[in-house]
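Chain letters run A, B, ... following the sequence lines, proteins first and then strands; every chain starts at 1.
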Amino acid sequence: MNYNFTEIEAKWQRLWQEKQTFRTILDGQKKKYYCLEMFPYPSGSGLHVGHLKNYVPTDAFCRFKSMQGYNVLHPMGWDAFGQPAENEAIRLGRNPRQMVPEYAATYRETLIKTGCSYDWQREINSSLPDYYKWTQWIFLLLHRKGLAYRATAPINWCPSCKTGLANEEVKDGRCWRCDAPVEKKPMPQWFFRITAYADRLLADLEKLNWSEGMKEMQRDWIGRSEGTEVDFALKDSNLIIRVFTTRPDTLFGATFMVLAPEHPLVSQITAPKRRSEVEAYIRKAQGESEIDRLNISRSKTGVFTGAYAINPVNGNKIPVWLADYVLMSYGTGAVMCVPGHDDRDFEFARKFDLPIVQVVSRDGSTYELKTAEAAEGIAVNSGVWSGLSSSAFKKAIGPWLEEKGLGRPTINYRLRDWLISRQRYWGAPIPIVHCSGCGEVAVPEAQLPVLLPDVENYQPSGTGESPLALIPEFVQTVCPKCGGAARRETDTMGGYACSSWYFLRFADVGNDKFFASRSALDYWLPVDLYTGGIEHARSHLLYARFWTKVLFDEGLLGFEEPFLTLRNQGSLLAMTPGRRPRPQDEHGENDEKIVDWIVLKHEEREQYPADQIVWRWARMSKSKGNVVTPDDMAERYGADSLRVYEMFVAPFEDNVHWSEEGIHGSHRFITRVWRWLQAALPLYRREWRDELPMEMSPAERGVRRKLHQTLRKVGAQIETFQFNTAVAAIMELLNEIYAYALPEKDSLPENLNPAIISELAETLILMMAPFAPHMGEELWQQLGGTDSVYRAPWPDFDPDQIFEKTVDVMIQVNGKIKDKISVALDCGEEDVKREAMKCEKIKHLLAGRQIVKMIFVKNKMLSIVCK
RNA sequence: GCCGGAGUGGCGGAAUUGGCAGACGCAUCAGACUCAAAAUCUGACGGGGUUUAUCCUUGUGAGGGUUCGAUUCCCUCCUCCGGCACCA
């Protein structure tokens with residue numbers, strides 16, 4: 001029978017659906033395994049082979065776990081709300097309400113066609129009311145606990161998407177979706193107080209089985225910094241300015257002070273004579289994009305306020321300046337400046353001719369500072385503290401300041417509170433009502449969900465209000481508290497709210513009483529294995545951990561960390577046509593980024609001169625015009641071949657340069673497996689275990705040994721996500737099987753032992769099943785299996801078969817391998833030495849030389865050192 | 001600038017704990033089959049050398065070190081990728 005993958009794959013996809021093979025039911029008798037891939041937002045370009053770099057290996061893993069007897073939860077859903085989907089809808093002039101389900105259906109179809117084993121009864125769409133009702137419910141919980149608050153602050157504003165953005169959604173000063181430079185805009189906004197959990201989010205990383213790199217990224221993002229707050233009195237005033245420093249040991253060197261332009265005391269302290277200049281500076285700072293303000297290579301700017309502060313340790317009068325290199329959003333928005341020992345302060349002092357005083361020395365002497373010396377050392381010019389080491393000084397000055405009421409130890413975080421409100425249509429409405437009498441009032445639970453109204457025009461307004469503000473029927477409501485007229489909150493929640501709890505919903509999709517029942521949560525959660533791209537390191541993964549901790553604190557969950565093990569798949573790169581930039585490309589934007597290559601647009605590709613096209617590797621995406629679709633690959637080579645290739649081509653975590661050539665090898669492998677089994681199956685006997693011969697030929701022993709070695713290896717390597725070497729191991733086995741029993745014209749050579757052939761056939765099918773599921777099922781059925789192969793147990797390897805009776809031991813002379821001898825397994829040192837000395841070659845090499853020592857490693861080698 | 005990760009044939013990659021470098025695959029070359037091609041099967045495949053075979057030698061980014069022995073451990077440097085970056 002020929003390998004007709006088109007027919008076989010369609011057949012099993014149909015049967016899996018009909019028989020609901022992957023339907024998962026809570027079964028307290030069985031051990032659960034919850035395996036989850038980050039749910040995608042469905043985009044119009046559909047899935048490409050790069051997406052499968054995650055889905056396919058994870059799917060093989062699930063099938064393997066299922067064969068191991070676990071009750072596997074493997075769900076899929078759609079991160080449907082939010083900017084990505086909405087931007088695409090706007091671009092196409094479509095309504096996201098219709099567009100998203102269409103796209104989701106396309107995704108689902110591709111996933112089915114590539115043989116992914118999801119329980120589709122648990123499909124989630126986060127933009128449906130039965131889901132976002134609970135997103136709103138959790139919002140209210142956060143609100144009740146004081147973890148959701150509204151504040152007016154200069155926020156990240158994307159002028160192109162016309163919405164506020166969380167810090168995590170700004171990369172290099174640009175919007176994560178459209179790459180437009182982000183502006184600062186003071187607006188009333190909703191925040192989640194994630195900073196209240198900063199310490200726990202940091203500490204609990206220790207418990208997680210995540211890659212060190214991933215944890216490090218989260219640590220950096222949280223950015224815990226221990227330091228001291230110091231109060232500086234203002235001269236001729238009773239005001240004080242509080243600063244944060246990690247180097248209180250350099251206090252004596254503080255020769256000036258800088259406030260952020262947005263610092264609340266600025267207008268009070270500014271001298272009348274300086275006022276116009278100060279106000280001009282503030283206006284200029286506000287008008288600048290983040291990209292400019294954060295540009296590290298830019299030279300320092302600043303303005304003197306005319307005010308002086310008193311250095312609390314030496315009573316010196318120091319000038320107070322404003323400069324935009326000090327951020328209002330970190331620490332106290334004010335810093336004491338020690339130009340001798342801080343690069344930024346040094347540069348500022350040089351530029352504005354401010355005094356530079358050395359207070360730390362490498363060796364205790366004083367010398368002229370050519371640059372800022374930030375390293376710790378020995379205090380100088382520091383009154384009674386001089387001579388102390390920096391660390392001793394730091395220890396001593398804290399209590400001293402505290403005693404005088406001038407300072408206190410403080411911890412600061414780089415992490416900012418999570419800005420959640422979006423001035424956009426396509427998100428879960430924030431369930432708050434503004435009442436002139438009662439203020440901010442939470443929508444009562446019974447009134448949830450606050451439905452997102454169906455509208456024709458949902459384009460962002462750009463006024464700072466969401467399009468919902470233009471819908472009177474939505475906005476006008478009554479205050480739940482006093483019954484008076486009130487206004488609904490019109491901002492919606494950013495999409496990351498939806499993805500911060502979806503993994504909980506999968507445990508109990510469809511529950512209309514609660515976000516998920518406690519029994520379902522207790523059984524399925526936490527997620528045992530979570531896979532996805534590394535790009536969510538500082539956003540989704542931090543948010544989801546935060547929400548989980550809040551729900552845990554509320555007693556709603558029995559665990560504090562949602563994702564025990566995390567694995568990040570590499571991406572797929574494809575050859576992409578591009579061009580050199582033209583001068584006008586840089587026009588209009590304050591683009592400091594070095595761009596030496598621009599992807600050709602679709603319309604450009606046709607007419608662009610071929611010799612001017614520059615091909616480069618780039619991540620697959622439809623906008624780059626370099627997409628390879630799984631549907632196409634599955635049609636030409638079969639889904640099973642595609643799957644094997646995606647796993648074999650490189651380690652799970654690695655990036656891959658896509659080429660179609662490699663898939664031939666995987667297809668050839670699959671076909672070879674099929675061909676051998678077609679020849680072997682006529683010999684198959686169900687009772688082969690009882691029929692294995694007592695006496696076996698070396699060839700028989702050899703192929704069985706390889707089989708059991710492979711079985712051990714494949715099981716261990718699937719477990720550790722080494723799919724590439726697991727597939728390679730089966731290829732090796734197949735090569736040995738072919739050497740043992742080469743199929744010709746659909747049959748095997750005569751005189752082969754049917755029991756051994758049966759063992760090989762049955763085990764090979766079971767081993768292939770996670771990787772090539774359609775073929776696995778088909779062959780299992782041909783073998784006589786009546787139920788799905790995934791209900792069959794993963795076979796145990798026989799440890800007795802694994803080891804050979806003899807092993808090759810290398811003989812080294814002075815560190816070089818000179819010969820090898822074959823000895824019995826576990827052969828002792830003396831015997832090996834005796835054998836080695838019998839070798840002609842070794843005898844020759846040792847002739848006339850003196851043996852200094854010998855090192856023996858059992859079953860491996862004997863190393864002879866001589867002179 | 002700071003913090004991670006990685007450098008192995010023409011290519012993707014493999015090597016338990018420091019113990020036969022290059023598994024497996026792609027590409028290439030040769031042979032078998034064929035009228036022929038494809039498919040399939042078999043073999044060769046890092047560099048250099050010679051007495052051409054169970055041979056010698058060199059070789060895992062560069063240089064040094066530890067060791068009987070280093071792709072693996074240590075030091076210095078180079079390159080690439082990722083993250084953070086005026087966070088006081």
**Q** Report the relative orientation of the aromatic rings in A:Phe652 and A:Phe721; use parallel for angles under 30°, tilted for 30 to 60°, perpendicular for over 60°.
**A**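 Aromatic pair A:Phe652/A:Phe721 classed perpendicular.
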**Q** Using the P atoms only, state how far B:A15 lies from B:C68, rounded to an integer number of Å.
**A**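 B:C68 and B:A15 have their P atoms separated by 28 Å.
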**Q** Taking atom C1' in both B:C33 and B:C41, what distance in whole Å separates the two?
**A**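 The same atom, C1', in both gives a distance of 8 Å.
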**Q** It should be established whether A:Lys816 places a side-chain nitrogen or oxygen under 4.0 Å from OP1 or OP2 of nucleotide B:U58.
**A**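 Affirmative; the distance criterion is met.
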**Q** Is the number of heavy atoms from other residues, nucleotides or ligands under 6.0 Å of A:Lys351 NZ greater than 12?
**A**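 Result for NZ/A:Lys351: enclosed.
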**Q** Hey, is B:G9 sitting syn or anti, using the within-90° cutoff around 0?
**A**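 B:G9: syn glycosidic orientation.
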**Q** Over all heavy atoms of both residues, which pair between A:Ala260 and A:Val266 is shortest? Give the atoms and the distance, please.
**A**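 Of all heavy-atom pairs spanning A:Ala260 and A:Val266, the closest is O-CG2, 4.0 Å.
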**Q** Could you tell me whether the side chains of A:Arg416 and A:Ser329 share a donor-acceptor contact shorter than 3.5 Å?
**A**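 Yes, a side-chain donor-acceptor pair sits under 3.5 Å.
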**Q** Looking at A:Arg219, does any N or O in its side chain come under 4.0 Å of the phosphate oxygens OP1/OP2 on B:G83?
**A**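 For A:Arg219, the contact criterion (side-chain N or O under 4.0 Å from OP1 or OP2 of B:G83) is not met.
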**Q** Please test A:Thr720 against A:Gln722 for side chain to side chain donor-acceptor pair (under 3.5 Å), starting from the C-alpha separation and ending with a verdict.
**A** CA-CA 6 Å; A:Thr720 51; A:Gln722 293 166 283; 2.6 Å; yes
**Q** I'd like the P distance from B:G10 over to B:U67, given in whole Å.
**A**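 One P to the other, the span is 34 Å.
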**Q** Return the value, rounded to whole Å, for the distance between atom NZ of A:Lys171 and atom C1' of B:G82.
**A**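 Atom-to-atom, A:Lys171 to B:G82, this comes out as 9 Å.
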**Q** Parallel, tilted or perpendicular for A:Trp418 and A:Tyr543, by the 30°/60° rule?
**A**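 Ring orientation, 0 to 90° scale: parallel.
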**Q** Starting at atom CZ of A:Arg414, determine the distance to atom P of B:C2, rounded to an integer number of angstrom.
**A**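 Interatomic distance, CZ of A:Arg414 to P of B:C2: 15 Å.
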**Q** Counting the atoms with a prime plus P, OP1 and OP2 as sugar-phosphate, which does A:Asp342 contact under 4.0 Å by heavy atoms, base, sugar-phosphate, or nothing?
**A**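 Nothing: the residue A:Asp342, judged by heavy atoms under 4.0 Å, touches no strand.
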**Q** Sticking with atom C1', work out how far B:A32 lies from B:A37, rounded to a whole angstrom.
**A**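 After rounding to an integer number of Å, I get 15 Å for this pair.
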**Q** In whole Å, I'd like the distance from the CD atom of A:Glu347 to the C1' atom of B:G1.
**A**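 About 13 Å, once rounded to whole Å.
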**Q** Assign the ring pair A:Phe393 / A:Phe252 to parallel, tilted or perpendicular, where the plane angle (0 to 90°) is split at 30° and 60°.
**A**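 The arrangement is tilted - the two ring planes meet at 30° to 60°.
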**Q** RNA chain B: A:Val170 or A:Met328, which has the more 5' nearest nucleotide?
**A**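 Mapping each residue to its closest nucleotide by heavy atoms, the 5'-most match is A:Val170.
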**Q** Sugar-phosphate means primed atoms, P, OP1 and OP2; the rest is base. With that split, encode nucleotides 11-27 of chain B 5' to 3' as B, S or - using protein heavy atoms under 4.0 Å.
**A** -BSSS---BBS-BBSSS
**Q** Rounded off to whole Å, could you give me the NZ-to-P distance for the A:Lys818 and B:G69 pair?
**A**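 Going from NZ in A:Lys818 over to P in B:G69 covers 14 Å.
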**Q** Starting at the 5' end of RNA chain B, what dot-bracket string do you get if Watson-Crick and G-U pairs under 3.5 Å are bracketed, crossing pairs use [ ], other-strand pairs use | and unpaired bases use dots?
**A** (((((((..(((......[....))).(((((.......))))).(((((..).))))..(((((..]....))))))))))))....
**Q** Does atom CZ of A:Arg408 have more than 12 heavy-atom neighbours, drawn from other residues, nucleotides or ligands, at distances under 6.0 Å?
**A**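 Atom CZ in A:Arg408 is packed in, count exceeds 12.
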**Q** Please state whether the rings of A:Phe348 and A:Phe352 are parallel, tilted or perpendicular, taking 30° and 60° as the class boundaries.
**A**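 Taking A:Phe352 first and then A:Phe348, their aromatic rings sit tilted (interplane angle of 30° to 60°).
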**Q** Mapping A:Arg675 and A:Phe244 onto RNA chain B by nearest heavy atom, which one lands closer to the 5' end?
**A**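 Result: A:Arg675.
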**Q** Determine the Euclidean distance between corresponding P atoms of B:G31 and B:A38; express it in Å to zero decimal places.
**A**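 Between the two P atoms, the distance is 13 Å.
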**Q** Answer yes or no: is there a donor N or O on one side and an acceptor on the other, between the side chain of A:Glu653 and the main chain of A:Gly570, under 3.5 Å?
**A**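 Not a single qualifying donor-acceptor pair exists.
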**Q** Between P on B:A88 and CZ on A:Phe232, what's the gap in Å once rounded to a whole number?
**A**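 After rounding, the reported distance stands at 16 Å.
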